[in-house]
Structures are given as C-alpha cells and as structure tokens.
Engineer: 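Below is one structure. I have some questions about it.
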Amino acid sequence: MVVAQILAGGGGYVLPLRTAYDSELLLQALQKFLRDRERVVVRVGPTLHEVRRVGPGARCSSCRQLVYGVAWPHGRASLCTRCACGSLAQARRVLARAA
C-alpha cells in the first residue's frame, strides 16, 4: 500500500493512496497546509515532492483542469493532485508487472 505523508513546519499528516477518494482527501489536506505556507513536502513511498501553492486560475499541464491552489511539479510543468496521483498509480502498476 502506498502512503502519502505531508511534512510541513514540524507538523504532518499521513494517509493512504489507494483510491480516487484518497486523492481527494490528499488534495483537501494540502489545501489546508498551503494556506499558511508557500510550499510543503509530500513523501509518497520513497519519493519526496515539493508541492506548492498557486494562484486561482492555474491549470494542470496534463488535463487542463483547475488545480485548486495546489500544484505538483512535473519537470517544467505542474500537475493537479488527481493527475499526480494517477501517474503514481501507473508507475506502481508498471513496477508490479516488472517484478
């Protein structure tokens, strides 16, 4: 099971990432953490991601939907939480098939 851990200013939050609902919970938690901060670190499995707050109207580079204030860096692009979690799920499936 993959777990997401939000790390910010001495506090944190841990939740599983199994379903689309879990991704929505992660988005809500990130929105709360990013109210006071510009950036937070999210650990998903062994990988660290620096997630940042963005202004209203920012869109995901993959699906073009609004990112609702939370952008995940992806190279030079930024992803919404749903696309970022979706790409993590795809990577897990590829790794599971390769094992």
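Just so you know, these numbers use all the heavy atoms, side chains as well, and skip hydrogens, waters and symmetry mates.
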Engineer: State whether the number of non-hydrogen atoms from other residues, nucleotides or ligands found under 6.0 Å of His49 atom NE2 is greater than 12.
Structural biologist: yes
Engineer: Rounded to the nearest 0.5 Å, how far apart are SG of Cys60 and CZ of Arg82?
Structural biologist: 8.0 Å
Engineer: Judged by atom type as modelled, is there a donor-acceptor pair below 3.5 Å linking the side chain of Arg53 to the main-chain atoms of Arg39?
Structural biologist: no
Engineer: side-chain contact (heavy atoms from CB on, under 4.5 Å) between Val42 and Gln5: does it pass, once the steps are laid out?
Structural biologist: CA-CA 6 Å; Val42 179; Gln5 181 180 16; over 6 Å; no
Engineer: What's the separation between atom CZ in Arg59 and atom CG in Leu79, rounded to the nearest 0.5 Å?
Structural biologist: 15.0 Å
Engineer: Can you measure from CZ (Arg64) to SG (Cys80) and round to the nearest 0.5 angstrom?
Structural biologist: 11.0 Å
Engineer: Please check if the side chain of Gln31 supplies one atom and the backbone of Tyr68 the other of a donor-acceptor pair under 3.5 Å.
Structural biologist: yes
Engineer: Please determine whether residues Phe33 and Leu15 belong to a single hydrophobic cluster, defined as Ile, Leu, Val, Met, Phe, Trp and Tyr linked transitively by side-chain heavy-atom distances below 4.5 Å.
Structural biologist: yes
Engineer: Please round to the nearest 0.5 Å and tell me the distance separating atom CG of Leu34 and atom CD1 of Ile6.
Structural biologist: 8.0 Å
Engineer: When you group the ILVMFWY residues by side-chain heavy-atom contacts below 4.5 Å and let the links chain together, are Val51 and Leu25 in the same group?
Structural biologist: yes
Engineer: If you measure from OG1 on Thr19 to CD on Glu24, what distance do you get to the nearest 0.5 Å?
Structural biologist: 9.5 Å
Engineer: Identify the heavy atoms of Arg37 and Val40 that sit nearest to each other, and give their distance.
Structural biologist: CD-CG1, 3.8 Å
Engineer: Say whether Trp72 and Ser78, considering side chains only, have a donor N or O and an acceptor N or O under 3.5 Å apart.
Structural biologist: no
Engineer: Taking a hydrophobic cluster as the set of Ile, Leu, Val, Met, Phe, Trp and Tyr residues connected by side-chain heavy atoms closer than 4.5 Å, whether directly or through intermediates, do Leu27 and Leu66 fall within one such cluster?
Structural biologist: no
Engineer: Measuring from atom CD of Gln28 to atom OH of Tyr13, what distance do you get when rounded to the nearest 0.5 angstrom?
Structural biologist: 8.5 Å
Engineer: Can you see which heavy atom on Asp22 is nearest to which on Pro16, and at what distance?
Structural biologist: CB-O, 3.2 Å
Engineer: Quick one: do Val67 and Leu17 end up in the same hydrophobic cluster if we chain Ile, Leu, Val, Met, Phe, Trp and Tyr together by side-chain heavy atoms under 4.5 Å apart?
Structural biologist: no
